[in-house]
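Every chain is numbered from 1, with letters handed out A, B, ... down the list of sequences.
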Number of protein chains: 4
Amino acid sequence: MNFASDNCGPAHPQVIEALARANTGFARSYGADDLSAQAGARLRELFEAPQADIHLVSTGTAANALALATLAQPWQAIYCTPLAHIHRDECHAPEFYSGGAKLTPVGTGDKMTAADLANAIAASPPGDVGVSQPGPVSLTQVTEMGRFYTLSELSALTETAATHGLPVHLDGARFANALTVLGCTPADMTWKAGIDAVSFGGTKNGCLGVEAVIFFNPEKSWEFELRRKRAGHLLSKHRYLAAQMLAYLADDLWLTSARTANARAARLADGLRALPECHFLADPQANMIFATLPRATHQRLHAAGAHYGLNGGPLETGDPDTPLPMRLVCDWSIAEESIDRFLDIAKG
Amino acid sequence: MNFASDNCGPAHPQVIEALARANTGFARSYGADDLSAQAGARLRELFEAPQADIHLVSTGTAANALALATLAQPWQAIYCTPLAHIHRDECHAPEFYSGGAKLTPVGTGDKMTAADLANAIAASPPGDVGVSQPGPVSLTQVTEMGRFYTLSELSALTETAATHGLPVHLDGARFANALTVLGCTPADMTWKAGIDAVSFGGTKNGCLGVEAVIFFNPEKSWEFELRRKRAGHLLSKHRYLAAQMLAYLADDLWLTSARTANARAARLADGLRALPECHFLADPQANMIFATLPRATHQRLHAAGAHYGLNGGPLETGDPDTPLPMRLVCDWSIAEESIDRFLDIAKG
Amino acid sequence: MNFASDNCGPAHPQVIEALARANTGFARSYGADDLSAQAGARLRELFEAPQADIHLVSTGTAANALALATLAQPWQAIYCTPLAHIHRDECHAPEFYSGGAKLTPVGTGDKMTAADLANAIAASPPGDVGVSQPGPVSLTQVTEMGRFYTLSELSALTETAATHGLPVHLDGARFANALTVLGCTPADMTWKAGIDAVSFGGTKNGCLGVEAVIFFNPEKSWEFELRRKRAGHLLSKHRYLAAQMLAYLADDLWLTSARTANARAARLADGLRALPECHFLADPQANMIFATLPRATHQRLHAAGAHYGLNGGPLETGDPDTPLPMRLVCDWSIAEESIDRFLDIAKG
Amino acid sequence: MNFASDNCGPAHPQVIEALARANTGFARSYGADDLSAQAGARLRELFEAPQADIHLVSTGTAANALALATLAQPWQAIYCTPLAHIHRDECHAPEFYSGGAKLTPVGTGDKMTAADLANAIAASPPGDVGVSQPGPVSLTQVTEMGRFYTLSELSALTETAATHGLPVHLDGARFANALTVLGCTPADMTWKAGIDAVSFGGTKNGCLGVEAVIFFNPEKSWEFELRRKRAGHLLSKHRYLAAQMLAYLADDLWLTSARTANARAARLADGLRALPECHFLADPQANMIFATLPRATHQRLHAAGAHYGLNGGPLETGDPDTPLPMRLVCDWSIAEESIDRFLDIAKG
């Protein structure tokens, strides 16, 4: 019963097999090998973006921070929500990589609106050297509360950004989980909706550790390569990143895994919805659930060995009826039996 | 016939198998898993350093730059040779991570002496805020020319550094290749010789991509963790780094692989030594050979499909007798047949 | 009628005279001259802090950013209010100098409470490498809304900080304006109240451009000197900074100037208070007034040549009765006649 | 008898008078005042560069570091001589401001040749992400050894740079001292010779502290303004920088002062040349002399109170005949009597 994160489960066996297959003979290092070329070509095809500039790295934080540093000047704001992973969970990686850009919260929750964004931009009067200059916008899809932006919401945001000449980055650590819910193409959810750069996640959805950074406008390609190198994020045996990505995209593995994860979360959400003492903090739209359960219920779940994120106070002591918020994440590997057992225990 | 680099060969099958074995069930993320704990314990045991602070990263540049940034202030010199990988081949990663420390060349080749180091330090008069302040020393073992420091050379250097209160870092991308030549223990070649921090390489010697950063004095452990995180170098599915390292150290795989690589290079060097037109640029002491061959010989080798580093001018045109320098690197996987074939072609 | 800022008025003639007096013969450069020694000694005496470490720079942004960079690690939060000058008006100087520390808003206005601060610190769970680590607190005295912290408010804040081992910085760009209101000693308002470092402003109160950075615990003195040098903020002809500071402190010029500025602002505030259409946005406690006047009144004032900060919409068009917020700042040089004229025009 | 540096003398009285004159009434802050506009206009006229982008700062290190950071990317080399002030005397300011560019020594002394530069650039093979990418060239005029580049030497260097698309910066801390020797116009020595950006020094030649950064191609004007602001180098009472610069340029004060300084140095050099035991280390071409005198001579000079830079060993003890190198700098204020007295004592 592990709902701690979608980075706690194993990689998909097909990805491991691809590593083994890639492990033969000599290959050029630093991304000049055949598999790396194939991975780039496959991604360009998938995104219907033959000009796109694509680079693989091994972590989501590296993908986000390198992408944003490429888009932002150090005296600019990077607009994101107050809950954004880049703002709250990456130990100042965007500030470090950008040389001091300021993550500027927009809106109040996990999603911003175009009006929120316009207001935030308006707080930087043109010509004032003291204030943050407007800079890139970073949106997270699936959001940090397990929700998604619709295509029209994305377009409204990117139009507002474009009005001010600002590029838009998409943190797609859970790209596949959103895509399969929206039922659109990768192009629809990115460049067709006005997105300039994407962190396309593989790690949380069945890989060991690989993310693609995709720029639809390739003009900063060489700069990105240099940023990646000086960060120590260019793997010498790059074929093993490429092999993961190729396996991830082969036979729709990435979509199948995301659909499974989302379905597991839906099963879990349905079960929780039946509990009168469970209150949802956000509508569970993908593979994450944010809700409260009484302390006593959490105590039973923990006693039974359930793992998940718990906030709001001590587990062991206090009023047994106090609702405590939790985060439950399903990955592609979680068994239905684990979900049903979790629900049984929660029911009491 | 691939002698381009020891990062062009495959990973050892035992390492791939270890990944497959690690790929089962849930594990805590970000290094809190059991395999990561085992890898740390195994390394502490191996280095006879129970207090050591050990962190895994996926590239040598990350290991070096994060280690040096932890040891250096931005206004300090980092003393290294003019040929040091950190100075010439890492796209300013040490400058980036340290916030502007100055890589200061010591000596004239791939090795520095204690006298060279003392002279370099003496160039920074105490109390002068304009000049580089003395900072850490970084030594490479095996050096960038394929040689090694003896234990007494290392000790002389670390004593000079200690006289000025300067820490010493060892870039051990080819740690095992040096260790097996010296025939000493890991402790002998590091903390017993006065080394404070080591980049302990696995990638070039049979792993996919894993290096350990080892601090023998653990006082900056938490700082290092933060540096690694904000760099995007903390892998969420950290178990796969740990599994590589554990497999690498199991059954002396790391030593066996290094001995094989060194033996292959020795076989190649012996063959070259028999060619009157071959001149060595450095005594080949581990798994790398720096030597010259006439242009015509290089032309034959390239026509036969040999891969290796070539400098000094165009291959295709020019005097066929002009000696052109080359770098030949043997990894654990190179076949003896490839070496013999290379030599046959070189003989003409 | 210039109320735009206390950096728009002239320097005090005694300061200019001091520059002329200092302008004789040779002096050692880079702060090793006699006047610089005297300035340091005078400040240490004034602050009753014989051990204090004191450095002069030419701007408030340099003072703040260098002080905070000395106190903060790049992965730490710098706690300040959402209106703090360091957060809103310094073009990311603290982020630049610190290498990426995150300015973290505490409270909702120009002052924070100890409870606000405790809540902000509590948002960083110990041991989590993803979040901002707790770091220094920066308080502004006089605040950005023209108010001040009482000594007991300061002590409550510094005690909260000390509980978590966090240093406290005071942005004293208007130090004298607050001190004369509080009627306490410099020591009372700083180290006796738990403050660790101060940006002690001279520029806004009668100097051309000089601020002192004071650390009551001198352990990072050498580091600060290096930070200042590599920032290009160590003036070679340092005597001219020192001469300004000495003249500023001589004969209580600094206190007299601040009292004058505060008295002028009080006269202005009294006059405004008599206007029923004027609404104060903050209680004017020093030399700044934040209030609203109807658009029509602003139009009259601007037509008459008044200079001051105006927000909230276009001046020229719109409902003449709409209240528009303004900032009025009095420096030591503003004439009473200017104030009275401003009030006359405002009365209509 | 103070020959320690041209930053040890006083400011010219006309500069102080200009400060006093500027010290009247209110003025817009942060460079929006009338004097700042006049200073910019005057400099553009002087350099015959109506499009030039000009910014004042208070130190030479700030001027150099901000100019170079505007021209360089962090992964680029900044080419300079091994003796360059930016490399040896600015505490890594260029590295700090640029985010990690690498100061790359060219040539072996205080001057580089076009061939030296071409060789240095050739060390960075195109397409290699590991090496420093070619970046701006920084030349010092007068050089750190008191010599100058001829106009044809400058042009040869800038042509080599232009071949590779590299901008050229001129560190003109002693711009006037070189210009008056060359007898050309400011335009001749800068943009007409292919220079892109200049640090135009005032501090060492009679000002308190002011340098102009001049970009002949204004495309990065706004970026520079932001860089200056976030560095804390935008003075709020900017009129006092402008007043210095205006006084410096008025009535050819800058040229007269430089000619005086150069003439004093020539008188001193002539006197030293007559001493058989004096050996010049460089041809004294402006206001600095690098030469050796026997230890005994230095002992007499020091006993008489002379101040100047001395290297090469202890003054007090050792063979009295050993030649010890010295640096003697003349500013505009040094009296001929001081020079003659110095020479008298040196003669013995």
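Neither the backbone nor the side chain of B:Ala65 comes within less than 4.5 Å of any heavy atom in chain A. Heavy atoms closer than 4.5 Å to chain B are found nowhere in A:Ala4, neither backbone nor side chain. A:Ala20 touches chain B through backbone and side chain together, each having a heavy atom under 4.5 Å away. For A:Asp33, no part lies near chain B; criterion is any non-hydrogen pair under 4.5 Å. Contact of A:Leu234 with chain B is made through the backbone alone, with heavy-atom distances under 4.5 Å. Interface remark: B:Arg227 contributes no atoms to any contact with chain A (heavy atom separation under 4.5 Å). In this structure, the portion of B:Thr24 lying under 4.5 Å from any heavy atom of chain A is its backbone and not its side chain. Proximity to chain A (any heavy atom under 4.5 Å) is shown, for B:Asn64, by neither the backbone nor the side chain.
B:Glu17 CD to A:Asn23 CG: the interatomic distance, rounded to the nearest 0.5 Å, is 10.0 Å. Note: A:Leu235 CG to B:Leu208 CG = 9.5 Å, rounded to the nearest 0.5 Å.
Heavy atoms only, all atoms of each residue included: A:Thr203 and B:Lys237 are closest at O-NZ, 2.7 Å. The nearest pair of heavy atoms linking A:Leu19 to B:Leu19 is CD1-CD1, 3.8 Å. Nearest approach of B:Thr61 to A:Lys229, heavy atoms of both residues: CG2-O, 4.0 Å.
In this structure the side chain of A:His233 never reaches within 4.5 angstrom of the side chain of B:Thr59, judged on heavy atoms. Side-chain contact between B:Pro10 and A:Arg239 is present, with heavy atoms from C-beta onward closer than 4.5 Å.
Taking the six-membered ring for Trp, B:Tyr240 and A:Tyr240 have ring centres at least 6.0 Å apart.
Here the rule is side-chain contact (heavy atoms from CB on, under 4.5 Å) with B:Phe26, and of A:Cys8, A:Ser5, A:Ser338 only A:Cys8 fits it.
Taking the six-membered ring for Trp and thresholds of 30 and 60 degrees, A:Phe96 and B:Tyr97 have ring planes inclined between 30 and 60 degrees apart.
Taking a 6.0 Å sphere around CG of A:Asp34, one finds it holds 12 or fewer heavy atoms contributed by other residues, nucleotides or ligands.
The candidate from B:Gly25, B:Ala62, B:Ser58 with the greatest count of non-hydrogen atom pairs under 4.5 Å with chain A is B:Gly25. Here B:Ala231 is the residue among B:Ala231, B:Gly209, B:Pro13 with the most heavy-atom pairs under 4.5 Å with chain A.
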